[in-house]
Amino acid sequence: MADWDEIKRLAADFQKAQLSTSLQRLSERNCIEIVRLLIDKGLIDVIYTNDGKEYLTQDHLLREVKDELYVRGGRANLIELAKALNVDFGKIEHIAKRLVDRDPELHFLLGQLIEKSYIDRVASEINQKLVQYGEINIGQLTVTYDLPTDFILNKIVLANLHKIIFAKQDPTNAHIFFTQSYIMRNKAKIRGALAAITKPTPISVILNLTDVPARILYMSLNEMSSLGSVTVQSPAGQYIPHVYERMQADYVKDYFHQNGYITNETVSKLGVSDVRSFMRTRLPDEKLINMKNCIVSNRLIERVKDAMEVCISSNSYLDVSTLLPSGLSNENIEEILTHILTPTIRKQTYVFGTVVLTINFMDECVKGCQELVDEHAKRAVESGNYQKYMAEKMMQHQDVDSFGVDEGKVDKREERRKKAASGKVGGGAQGRETKTKSTKKHARGNRGNAMDSDDDGEMQASAGGKKGGKEPHLELITVKEIAKVVEKVLEPEGLEMLDKDLAHHYYPILSKQALAKAHELYELTLQKSNQNRRQTHASIQEKLNTLYNDIRLYEKGLKLFPSDVQGQLLKYLLKTFGTDICNELCLYVAAECNLNTNFSGALTPEQRTKIANDSGAEYRGPLQTLCKSLTTSESVDDFLEKTEKTMQACSMMLKKIDKKKDRNLILCHKHGLLEQLTNCTDPALVLHLAVLIIFTISTQTMLHASGRHVSAILSFLQTALTAEDSKVFNNYHDLVLKLLSTESATTEEGKANAEEISKQLGELTPVVKSIATNFKKAGVTTVE
């Protein structure tokens, strides 16, 4: 009974509980609010589904993503996962990143999760394609699997290479892979084709015959070439077999060693495009000299050099063609001579065709002509031909009608002209006025055409005289006479064919010597006839014309400098050349007026003033003005104008300015400076001459300056000189100034410094001379 009562009591309690539960049940809305409150307080972490009817925890969503990835074969798109799991894309993306961070074998790429199993499956498929086709391109796989090129290359192919994928990467294209069997099959085709070729063949022909991809062909060629099985040279897209190249190299080596040279044409016929590179590679131990159309061995050059040294030391001659192979043309021999003839050798030799004659040998050949020169000069003076020549030359440069002077002065000039024509007045030929035939080296192989006529020199001299305005010409010695003397010396040596060459070469020199000798004899005749004779009107007029023209040319040079430097140069020009003009005119006037001219040395300003004051009325005014202008003239034109008026007062005429001769005068001036520079040893004078030479060449004008103006000239030449040459000149200038400041030193230290500076100057002097001698104006080519 107790048990039953207990059951009843429990039943009543259960019934009571059932009746009371309906009062405690929560509605769906209450549950949502309770969950939101728990989320807001951070007591739970759940994720809403897109429809908001379900809640998921992070771990549950993680498991569901893994399950979906497994179901989809190891590759799933996050957008598709978001739709399948009914969860926001951002939550799926967050879960995907967590998975990638935890698992290194899981990849998140382009909004997709990719598992290692998928990568292994793709690698297996790629290997099957390689087995089927032999090669595969990553670009094609990118289209097939819709994955980036880098991912497929690095994460799939390279990561599984030699594990799942058995292939070889193309060294020229990293996106292409071959199987070993595919490569070996193509190599066998290539090797067979190359073995059958015996002459240079275009690679395009080999590709067509073998049907092998070009990249595999080039890769195989390079591999086989490194192993030494074939030889590949394809500068023009050709394959050259080893046997052909070996025969080609052997032929070139044998020919070169046997002859000492080889022509470019000979090598080109063997199919070589770059001859010089080919010869360097085939003859690495040989020192090759590259000529215009051939390559010569250095041994051949040295042989000629040795023979040349013997020739110079023995003052003899050398026929270069006898030392060189007969296959070399005259042009080749000329190039070899150009290579051998250094500036030092050129100063001691002269070349006629293939024969090199030393200067001493040539001088010995024409030594017998000296008697002819003396004999003809003496005969010209004794017969009066030389006096007639001088009179005609003087009259050539005088134009009576150019001056408006009175009848008395005209009569006086006519009287002097008659005296000059009668041989009583001398007007020595100025060096720049005498016409001489220009010399030039005869071209090789054309010597016979240039020397066919014995009288060519005479015809050229006559033509030159007519071209220069029908200037008088006096021929004292002929080419034929020189050739006859020279032939007697050359005949025993077997060089008689060079007699006309030597005659034409020495004709200008001997003609000039003959004129100089005739002038010397003529002057001696005048001195013997009248030792105390005054300087003649014509000679003074000639000298004044020369000085006038020099000052005019020097003015062009000084005008290139700034105004302050121009003033200094003008003063120096007037102090030197201007003073010479004043002295000549003062002495002439003193002689005309019978004034006392027993002055020793150059005239002083006081002596010039005294002569001007004591002279006749017709001379006094112009001469006084001229003497004052030496110190008061502010321009060269002002001084020249006063000079012209004074010369008119003295019945002297100025020659018409012939600008065509200015260039020759500047050239003569330059050569004179170069000759002085060659023989100069004083550093200060070397610097002075060098800057004047460079100034003359760079500006094509003459400059008359003293040593104190060197610094200003160097500043002007900064633009004409290169930076290196300018540095040399500035250094040399500084050393010269130091030397001049230490020359008066008496202490041991000062003397030691002077010696050290002199030593440095001695080392730099040849460099300065070389720069000045070899200086050329920019854009100007020297014409031989």
Side-chain angles (χ1 to χ4, degrees), residues 397 430-433 468-469 542-582 584 626 629-647 653-677 687-721 729 772 775-783:
H397 298 291
Q430 296 294 330
R432 290 181 293 191
E433 297 293 334
E542 186 74 16
K543 186 172 183 180
L544 288 174
N545 271 282
T546 301
L547 291 171
Y548 183 99
N549 204 31
D550 286 344
I551 292 176
R552 180 181 64 82
L553 292 176
Y554 285 130
E555 179 195 17
K556 295 181 181 179
L558 65 87
K559 280 187 175 180
L560 299 175
F561 290 88
S563 57
D564 55 337
V565 180
Q566 278 190 39
Q568 298 174 18
L569 292 171
L570 174 61
K571 287 181 180 179
Y572 182 70
L573 183 60
L574 295 180
K575 183 180 178 182
T576 52
F577 283 87
T579 301
D580 290 343
I581 288 178
C582 282
E584 289 294 332
L626 179 63
S629 67
L630 283 176
T631 55
T632 60
S633 291
E634 295 181 357
S635 68
V636 173
D637 291 338
D638 181 42
F639 176 79
L640 292 179
E641 182 182 358
K642 293 177 173 58
T643 300
E644 186 174 353
K645 291 180 179 179
T646 307
M647 288 179 67
M653 297 178 296
L654 275 175
K655 298 178 185 177
K656 287 184 178 180
I657 296 174
D658 187 359
K659 293 186 177 180
K660 293 181 180 179
K661 292 185 179 180
D662 287 353
R663 185 176 179 183
N664 290 334
L665 296 179
I666 294 171
L667 188 62
C668 291
H669 175 72
K670 184 192 76 173
H671 287 315
L673 292 175
L674 286 170
E675 186 175 352
Q676 292 181 53
L677 180 64
L687 178 62
H688 189 188
L689 293 171
V691 296
L692 289 180
I693 290 169
I694 295 176
F695 180 90
T696 303
I697 296 173
S698 62
T699 64
Q700 294 298 303
T701 60
M702 294 161 51
L703 181 65
H704 186 61
S706 65
R708 67 181 64 182
H709 301 128
V710 169
S711 178
I713 301 173
L714 276 177
S715 300
F716 175 81
L717 293 176
Q718 290 297 320
T719 56
L721 292 169
F729 270 90
F775 181 83
K776 293 181 181 178
K777 184 180 178 182
V780 176
T781 305
T782 303
V783 179

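Just so it is clear, the structure is predicted and the values come from calculations on it, not from any experiment.
Separation of atoms CG (Leu673) and CD1 (Ile694) is listed at 11.5 Å; rounding is to 0.5 Å. Here the CG atom belonging to Leu654 is positioned 8.5 Å from the CG atom belonging to Leu544, to the nearest 0.5 angstrom. Atoms NZ and CD1, on Lys670 and Ile697 in that order, are 5.0 Å from each other to the nearest 0.5 Å. Rounding to the nearest 0.5 Å places OH of Tyr548 at 15.0 Å from CZ of Phe577. Note that the CD1 atom of Ile666 and the OG1 atom of Thr696 stand 8.0 Å from one another [nearest 0.5 Å]. Here CD of Gln700 is found 9.0 Å from CG of Leu667. Values are rounded to the nearest 0.5 Å.
Between Leu626 and Cys582 the shortest heavy-atom distance is CG-SG, 3.6 Å. Here the shortest heavy-atom pairing between Leu677 and Ala690 reads CD1-N, 4.4 Å. Counting all heavy atoms, side chain and backbone alike, Gly578 lies closest to Phe639 at CA-CZ, 3.5 Å. Glu555 approaches Asp637 most closely through the heavy-atom pair OE2-OD1, 3.3 Å.
Remark: the backbone N or O of Asp662 is not paired with any side-chain donor or acceptor of Asn549 at under 3.5 angstrom.
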Can you give the donor-acceptor pairs under 3.5 Å from side chains of residues 562-571 to other protein atoms, not counting sequence neighbours?
from   : atom 1 : to     : atom 2 : distance (Å)
Gln566 : NE2    : Lys559 : O      : 3.3
Gln566 : NE2    : Phe561 : O      : 2.7

Would you list the atom pairs, donor with acceptor, under 3.5 Å between side chains in residues 702-711 and any protein atom, with sequence neighbours excluded?
from   : atom 1 : to     : atom 2 : distance (Å)
His704 : NE2    : Thr576 : OG1    : 2.9
Ser706 : OG     : His709 : ND1    : 3.2
His709 : ND1    : Ser706 : N      : 3.2

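At least one side-chain heavy atom of Leu560 sits less than 4.5 Å from a side-chain heavy atom of Phe695. Side-chain contact between Phe729 and Leu717 is absent, with no heavy-atom pair separated by less than 4.5 Å. Two residues are said to be in side-chain contact when any heavy atoms from C-beta on lie closer than 4.5 Å; Asp550 and His669 fail this criterion. No side-chain heavy atom of Tyr554 sits under 4.5 Å from any side-chain heavy atom of Thr701. For the pair Ile551/Ile581, a side-chain contact is recorded, criterion being any heavy-atom separation below 4.5 Å from C-beta on.
Environment of CD in Gln718: crowded, with over 12 heavy atoms of neighbouring residues, nucleotides or ligands closer than 6.0 Å. More than 12 heavy atoms of other residues, nucleotides or ligands sit less than 6.0 Å from atom NZ of Lys556.
Every residue meeting the salt bridge (Lys or Arg N to Asp or Glu O under 4.0 Å) condition with Asp638, not counting sequence neighbours, appears here in chain and number order: Lys642.
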